[in-house]
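Notes follow the structure.
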Protein chains: 2
Amino acid sequence: MNASAKPERTRLSAEDWEDAALKLIADQGVNALAVEALARQLGVTKGSFYWHFRTREALLQAALERWEQYGEREVISQIESMPDPRARLPELFRRVAHELAPHRVYAALLKALDHPQVVPVMARVSQRRMEFLTNIYREAGLEPVEALNRARLTYAAYVGFLQLNFTLGLPRISHEEFDAYVEHMIRTLTPN
Amino acid sequence: MNASAKPERTRLSAEDWEDAALKLIADQGVNALAVEALARQLGVTKGSFYWHFRTREALLQAALERWEQYGEREVISQIESMPDPRARLPELFRRVAHELAPHRVYAALLKALDHPQVVPVMARVSQRRMEFLTNIYREAGLEPVEALNRARLTYAAYVGFLQLNFTLGLPRISHEEFDAYVEHMIRTLTPN
DNA sequence: CCGATACCATACGCACGAGTATGGATTGCG
DNA sequence: CGCAATCCATACTCGTGCGTATGGTATCGG
């Protein structure tokens, strides 16, 4: 009940703490990131934590940087390797829509945009994704300005969707209904 | 410097506290809602607060309910009184885009969707707005399912925009650029 | 096998914010 | 005027969560 049923690691590393922190952030948000709570969850006490990190702030910083570097890469490169530019957008939409798990941290950080430490991280990540999206729209045939605005619109829709359906539980949309929504989104936001 | 330069009210009412709370929420988020901080800002002490409210939680509840009832109404009725259904959507978009101030509380509450007290309020408000939007799309000629999905998309774009440009300060978009974005959004999301 | 280093537990101190107790001041009303 | 009710100040208590001090246990190289 109270004991940790985890992989029974004998010793912990800084990376273990960072991963646990990211997991906790994804589950309960940045505010819930408390060192004693984390320690309990890992089956140790604060004494361990303060050996690996100088402060709680340092852990958050390390976890955020870890998340920023670890993320991306896979999806972006896979999409860019597709030969037909027109086929990239629908594929990207469907892929993102059906792999929501990796976006749970992003959704949680969205709710912590008042925190000084997360703002720069989110600004960088969002900026990179926006540029990626803008490029795809250009390659799909849109004029530069059109592509930028369409990317803004698309990314805003993505962010808003995370908020409305992830954290807020708007009238529990069904699976088929969700697929229909995604297809509608593709028709509406994709050129031609 | 430290004294309150406010309207110099001699006595305070519960409504004064609720308004101050909403102002503070809009400025610094729900987490920043502390009774001693509020008291300082109003030029009084906690002693006053605990006469009007039983607890901090009660204040938040009252403020949220006040916001929920006070909001809406104006925009909705004005839009619905427009004769030409096709003209309603562009008007709604432009209106919302240029009056962002009233949406600062909504943006702040969006970041507090982990808080049990705000979830039901936001669910109700968002639901009502979504239904309003869906109706407009239907009156503009969309099929029921199409109208619903388009409303979802539009509202998600609205929510995402608030997050990205209000709280996060993505590369400070200029005034002309913003207008262009709004027009692009109208072209993209409006039928025909 | 044994010391040094890495890792962790226990027991503190301390700041901060919510809530309470109690008395003082101000206002409305008879 | 004078007394009640209303509104507010001061001075506490108490829980919570960060950070520290210090000593204990495991692990590894020589």
*Quick one: side chain to side chain contact (heavy atoms under 4.5 Å, CB included) partners of R104(A), sequence neighbours excluded?*
A26(A), D27(A), F166(A)

Shorter than 3.5 Å, N or O on both sides, protein versus nucleotides 10-16 of chain D: list them out with atom names.
none

Could you tell me how far apart [X] ([atom1]) and [N] ([atom2]) are, to the nearest whole angstrom?
X: R40(A); N: dC18(D); atom1: CZ; atom2: P; answer: 10 Å
X: L42(B); N: dA9(D); atom1: CG; atom2: P; answer: 10 Å
X: F49(A); N: dA11(C); atom1: CZ; atom2: P; answer: 21 Å
X: L38(B); N: dG17(C); atom1: CG; atom2: P; answer: 13 Å

*Nearest heavy-atom neighbours spanning E18(A) and A63(A)*: O-CB, 4.1 Å

_Show the nearest heavy-atom pair for residues A108(A) and I25(A), with the distance to one decimal._
CB-O, 3.3 Å

_Once ring pair (Phe, Tyr, Trp, His ring centres under 6.0 Å) is applied, do any residues pair with F53(B), and if so which ones, sequence neighbours excluded?_
F49(B)

Whether [Y] and [X] form a salt bridge (side-chain N of Lys/Arg under 4.0 Å from carboxylate O of Asp/Glu) is what I want to check.
X: R138(A); Y: E146(A); answer: no
X: R128(B); Y: E68(B); answer: yes
X: R86(A); Y: E91(A); answer: no
X: R66(B); Y: D19(B); answer: yes
X: E99(A); Y: R95(A); answer: no

*Check each residue of residues 50-60 of chain B for a non-hydrogen atom within less than 4.0 Å of any atom in DNA chain C, then write out the ones that pass by number, or none.*
Y50(B), T55(B), R56(B)

Under 3.5 Å, side-chain donor or acceptor atoms of residues 153-160 of chain B against the rest of the protein: list the pairs with distances, not counting sequence neighbours.
residue: T154(B); atom: OG1; partner: Y137(B); partner atom: OH; Å: 2.8
residue: T154(B); atom: OG1; partner: R150(B); partner atom: O; Å: 2.8
residue: Y155(B); atom: OH; partner: Y106(B); partner atom: OH; Å: 2.6
residue: Y155(B); atom: OH; partner: R129(B); partner atom: NH1; Å: 3.3
residue: Y158(B); atom: OH; partner: H103(B); partner atom: ND1; Å: 3.3
residue: Y158(B); atom: OH; partner: R129(B); partner atom: NH1; Å: 3.4

Got a list of protein N/O to nucleotides 26-30 of chain C N/O distances below 3.5 Å?
residue: dT27(C); atom: O4'; partner: R11(B); partner atom: NH1; Å: 3.2

